[in-house]
Amino acid sequence: MATERTSLFIFFGGTGDLAYRKLYPSMFNLYKKGTLREHFGVIGTSREKLTDQQFQEKVFKSLGVAKTDKEAQKFASHFVYEAHDVTDKAHYQVLKNRADELDKQYKLNGNRIFYLSLAPSFFGTVAGFLKTEGLTDTDGFNRVVIEKPFGRDYDSAHQLNDALSKSFDEKQIFRIDHYLGKEMIQNIEAVRFGNTIVESLWNNRYIDNIQVTLSEKLGVEERASYYDNSGALRDMVQNHIMQIVSLLAMEQPVSFTDVDIRAEKVKALRSLRVYNVAEASTNFVRGQYGAGDSQRAYRDEDNVPHDSNNDTFVAGKLLFDNYRWSGTPFYIRTGKMLADKFTRVDVVFKKPLIDIFSFPQNHNAPLEANVLTMYIEPHAGFSLRLNAKTNGQGFQTEPIDLDYFVDAKDSKATPEPYERLIHDVMKGDGTNFSSWQEVSYAWRFVDQIRKVWDLQQPQFPNYTPGSMGPAAADELIQRDHRQWVYRLNK
Ligand code: NAD
């Protein structure tokens with residue numbers, strides 16, 4: 001059994017899609033493992049009118065277990081509900097009284113986690129009232145969890161952060177980036193800093209380029225109205241891709257703690273070159289999917305304007321101006337309606353300086369580059385591509401792959417990102433959350449691309465569903481005499 005953690009949770013937006021689909025099932029997993037046991041209580045709050053019992057039934061249903069599951073019934077009995085409009089100041093007193101009651105009932109030592117799973121426009125309001133109305137006035141810890149998106153550009157993110165900072169210190173604020181809860185993302189650090197053969201080669205002398213691909217097979221589904229105001233650059237690059245890239249680019253932290261890891265990630269992001277207009281135009285491309293055989297074009301999706309210039313795809317080249325990475329580009333791409341759903345990192349090493357096997361009578365194919373691939377999802381694992389001699393007479397070489405994949409049993413036991421992240425919040429460990437500095441440097445980079453795009457009229461749609469994005473994404477990398485490691489029709 002795990003160490004039991006003690007806290008009250010207040011979920012704002014407690015009847016939302018995220019809460020039922022991810023948050024409560026993740027908490028139930030923590031309950032089954034013993035991290036949550038007797039000493040926890042939950043208040044769900046939103047505008048919907050529900051009794052405690054009705055809420056408990058909904059929570060129970062979200063767990064997807066048999067009706068007779070006693071453990072789930074006991075878990076759900078820790079949940080209560082308060083209908084509440086977050087802009088209504090008076091109602092925070094009702095919430096406070098309920099919080100104090102649960103604190104006594106479950107002996108929670110004044111520990112409180114405020115989970116803001118509602119529209120970002122409310123984050124500042126809620127944080128303000130939590131403080132002024134005394135909900136944070138306890139002897140235990142007070143932590144606030146913020147869902148994405150954290151702003152839509154640097155200025156709005158800055159404003160939001162200022163509002164939060166009036167009520168909470170940076171170490172009390174946990175900005176969710178659920179990619180950081182993924183097993184293989186956390187493995188980047190283990191592989192880099194736990195292996196001499198990896199870290200000693202982890203620089204521009206031996207690495208030719210690094211490629212990060214977050215590919216989605218689906219379109220916008222029912223998120224169209226949100227997505228049309230966001231786009232791939234804001235929705236995926238500013239947060240998930242920037243986080244992955246900073247873990248790949250950072251120096252070794254002094255210790256494996258949130259403070260030291262974040263310091264190195266920030267340092268890496270500070271050396272990311274912020275592009276001028278010409279660089280942004282050359283080094284980034286955007287796309288929007290058109291119609292496919294059985295798929296309508298993005299502009300024909302429900303709740304998308306027919307003249308939308310929103311980006312459903314982005315590819316780009318990132319350059320770090322530091323000693324480790326100067327001259328080694330990071331290529332990134334992400335998009336919707338692509339060939340498959342997966343996330344991977346391909347680290348392409350430089351080829352041997354001299355290919356001694358290519359003497360004329362040998363007819364040997366030129367040596368290929370070594371590639372270390374980190375498969376993030378759906379199947380977690382690694383693959384290292386080496387050149388080896390083919391079996392048999394003569395001397396020919398061929399690339400072979402050394403593979404490791406997390407097996408099906410282990411992968412079933414892998415905690416859901418939200419389970420891991422909620423556990424981290426209870427421990428007070430900010431390693432897998434985005435700090436304000438990380439968020440702000442990422443926005444400054446992304447804003448510059450956005451600014452240039454806003455000045456130009458894109459030629460949309462420019463890619464077909466089931467492809468890997470527009471031709472311009474291939475041209476971007478081919479211009480540098482390279483190619484995507486993952487590509488169709490190899
Ligand atoms: P949702 O629309 O399903 O739920 C929103 C919740 O907020 C509801 O419970 C609603 O009653 C409540 N609410 C709205 N206005 C309110 C008010 N004035 N006072 C009190 N309660 C109010 O949204 P969601 O999909 O659960 O997303 C919640 C947050 O999580 C958003 O910030 C979203 O961007 C983020 N997020 C969601 C997902 C997802 O998969 N759903 C993924 C990543 C991030």
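The model shown is predicted, which means the values in this text are computed figures rather than measured ones. Atoms within a ligand are numbered from 1 in the order they appear, just like the ligands themselves.
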Q | Heavy-atom gap Thr87 to ligand 1 smaller than 4.0 Å | A | no
For Tyr20, is the nearest heavy atom under 4.0 Å from an atom of ligand 1?
no
For Pro149, the atoms of ligand 1 under 4.0 Å from one of its heavy atoms are 34 (O)
Heavy-atom nearest neighbour in the protein, as seen from [atom], with distance rounded to 0.1 Å:
{"atom": "atom 10 (C) of ligand 1", "result": "Ser46 CB, 4.1 Å"}
{"atom": "atom 38 (C) of ligand 1", "result": "Leu18 CD1, 3.7 Å"}
{"atom": "atom 39 (C) of ligand 1", "result": "Arg21 NH2, 3.5 Å"}
{"atom": "atom 32 (O) of ligand 1", "result": "Leu118 O, 2.9 Å"}
{"atom": "atom 14 (C) of ligand 1", "result": "Arg47 NH2, 3.6 Å"}
{"atom": "atom 34 (O) of ligand 1", "result": "Lys148 O, 3.0 Å"}
{"atom": "atom 25 (O) of ligand 1", "result": "Asp17 CB, 3.6 Å"}
{"atom": "atom 9 (O) of ligand 1", "result": "Thr15 OG1, 2.8 Å"}

Any salt bridge between [X] and [Y], counting N to O under 4.0 Å?
{"X": "Lys265", "Y": "Glu189", "answer": "no"}
{"X": "Glu101", "Y": "Arg98", "answer": "yes"}
{"X": "Arg450", "Y": "Asp311", "answer": "yes"}

- Determine yes or no for a side-chain-to-main-chain donor-acceptor pair under 3.5 angstrom, with Arg143 supplying the side chain and Lys171 the backbone. no
(request) Answer yes or no: is there a donor N or O on one side and an acceptor on the other, between the side chain of Arg175 and the main chain of Ser434, under 3.5 Å? (result) yes
Original post:
If we only count N/O pairs under 3.5 Å, is Ala19 in contact with ligand 1?
Top reply: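 Looking only at distances, the answer is no, because the N/O contact criterion of under 3.5 Å is not met.
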**Item:** Polar proximity ligand 1 side, Val86 side, N/O cut 3.5 Å exclusive
**Value:**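 Yes; at least one N/O pair falls below 3.5 Å.
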Pair [X]-[Y], side-chain donor/acceptor within less than 3.5 Å:
{"X": "Tyr81", "Y": "Gln53", "result": "no"}
{"X": "His240", "Y": "Lys148", "result": "yes"}
{"X": "Thr312", "Y": "Tyr463", "result": "yes"}
{"X": "Asn229", "Y": "Ser225", "result": "no"}

**Study point:** Within 45° cone and under 6.0 Å: Lys58 NZ/CZ vs Tyr24 ring
**Key:**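 Judged by the rule, Lys58 and Tyr24 form no cation-pi pair.
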Using a 4.0 Å heavy-atom threshold (strictly under), name the region of [X] that reaches ligand 1: side chain, backbone, both or neither.
{"X": "Tyr226", "answer": "neither"}
{"X": "Glu147", "answer": "side chain"}
{"X": "Lys22", "answer": "neither"}

Q.
Does any part of the side chain of Met236, heavy atoms only, come nearer than 4.5 Å to the side chain of Glu216, both counted from C-beta?
A. yes
Q) Is the closest protein non-hydrogen atom to atom 30 (O) of ligand 1 under 4.0 Å? A)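 Protein heavy atom within 4.0 Å of atom 30 (O) of ligand 1: present.
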